[in-house]
Amino acid sequence: QDQRVGMQAKLHMRVVDVGSMDSTLAFSLEPSPQSVAANMPAAELEQLKRPVFVKADRQCEFSSFGFAPDVGPGARNQLRGIMQSVQIVLAKDPVAKGWQHLENDLTGRYGANYARVDGEPLSVRKTKYGYVEIFPPVQVGKARQQGPTEKTSARVRNSDTLARWAADGS
């Protein structure tokens, strides 16, 4: 039986530290009242509200994640997945109209197409176009999932992300 859990939330981001090669960003979720009432256990919800620290390089590609010690493996996977889904990698050429990049998410390594939105200089659209590698499942708690088999595959369905920046850079 397929179970899906959804959550609506505002995602807040702030820059914690800017280095010459990378920066540290802090993300936090602010769940909507509808999500709080959607049968999500209170302990799990509290873990998802804890800050996530992310190292990002100069093109904004995420390289590592940091979590509070009391955030469990299940919540860490959910938070890592959310952070990876909002990652927008910038072009090396600041005037490029489009570019491609290989990125990671919880499923594996995939190719992404990026395109600037005509008439919106502060907007970029990202579309996943396919996986080049599938990662083995992660052990969570006492349950261990089977590793990938020769039949393991992933298909990208309707993956389109639009990022808009405010004129003031926020």
Side-chain angles (χ1 to χ4, degrees), residues 2-35 38 40 48-67 75-138 148 152-170:
D2 206 14
Q3 284 188 320
R4 293 178 184 223
V5 176
M7 179 176 75
Q8 291 182 345
K10 287 184 180 178
L11 180 64
H12 299 277
M13 191 261 319
R14 65 184 169 88
V15 177
V16 177
D17 182 55
V18 177
S20 62
M21 298 303 291
D22 59 19
S23 298
T24 302
L25 311 173
F27 290 91
S28 61
L29 293 175
E30 180 185 333
S32 70
Q34 295 87 352
S35 294
M40 183 174 285
L48 293 175
K49 290 164 61 176
R50 301 294 306 264
V52 178
F53 295 93
V54 178
K55 283 283 189 193
D57 68 15
R58 295 184 60 91
Q59 286 181 261
C60 298
E61 182 173 10
F62 299 165
S63 60
S64 62
F65 299 87
F67 304 93
R76 287 176 187 226
N77 279 341
Q78 285 180 306
L79 290 165
R80 191 177 289 114
I82 292 167
M83 297 307 108
Q84 289 170 325
S85 72
V86 299
Q87 171 181 260
I88 299 290
V89 177
L90 303 176
K92 289 182 180 177
D93 177 1
V95 295
K97 292 217 180 262
W99 60 98
Q100 294 182 334
H101 196 266
L102 288 176
E103 302 177 13
N104 298 324
D105 65 13
L106 294 176
T107 302
R109 189 156 181 79
Y110 64 89
N113 285 325
Y114 287 91
R116 297 196 190 281
V117 178
D118 287 337
E120 297 183 41
L122 299 175
S123 297
V124 172
R125 183 171 303 280
K126 170 186 173 179
T127 305
K128 288 183 183 180
Y129 64 83
Y131 283 89
V132 296
E133 179 182 4
I134 305 298
F135 296 152
V138 179
T152 300
S153 65
R155 190 170 30 166
V156 177
R157 292 186 181 190
N158 193 18
S159 176
D160 196 45
T161 304
L162 177 63
R164 286 191 172 108
W165 287 268
D168 65 0
S170 61

Considering all heavy atoms, the nearest Leu106-Gly81 contact: CD1-CA, 3.7 Å
With sequence neighbours excluded, what pairs up with Ala112 under the side chain to side chain contact (heavy atoms under 4.5 Å, CB included) test? Glu103, Tyr110, Tyr114, Lys126
Please name all residues satisfying side chain to side chain contact (heavy atoms under 4.5 Å, CB included) with Leu102, sequence neighbours left out, ordered by chain then number. Arg109, Val132
Considering all heavy atoms, the nearest Pro31-Ala9 contact: CA-CB, 3.7 Å
Which atom names give the shortest non-hydrogen contact between Asn77 and Arg80, and what distance separates them? OD1-NH1, 3.2 Å
Among Lys10, Lys49, His12, find the one that has a side chain to side chain donor-acceptor pair (under 3.5 Å) with Glu30. His12
What's the separation between atom CG in Leu11 and atom CD1 in Ile82, rounded to the nearest 0.5 Å? 8.0 Å
Looking at side-chain heavy atoms only, is the closest gap between Phe62 and Leu25 below 4.5 Å? yes
Any donor and acceptor pair, going by atom type alone, linking the side chain of Arg125 with main-chain N or O of Asn113 inside 3.5 Å? no
No-hydrogen, no-angle side-chain donor-acceptor test under 3.5 Å, His101 and Gln59: no
Counting C-beta onward and ignoring hydrogens, is there a side-chain heavy-atom pair between Phe135 and Asn104 closer than 4.5 Å? yes
List in chain and number order the residues that pass side chain to side chain donor-acceptor pair (under 3.5 Å) with Ser28, two or more places apart in sequence or in another chain; answer none if no residue qualifies. none
Is there a side-chain contact between Asp105 and Lys128 in this structure, where contact means two heavy atoms from C-beta onward sitting under 4.5 Å apart? yes
Asp118 atom CG, neighbour heavy-atom count above 12 within 6.0 Å: no
Taking the side chain as C-beta and beyond, is there a heavy-atom pair between Val124 and Trp99 under 4.5 Å? yes
So CG of Asp22 and CD of Glu61: to nearest 0.5 Å the spacing works out to 12.0 Å
Between Arg116 and Asp93, the two heavy atoms sitting closest are NH2-O, 4.0 Å
Please work out which of the three classes, parallel, tilted or perpendicular, describes the rings of Phe65 and Phe67, given edges at 30° and 60°. parallel
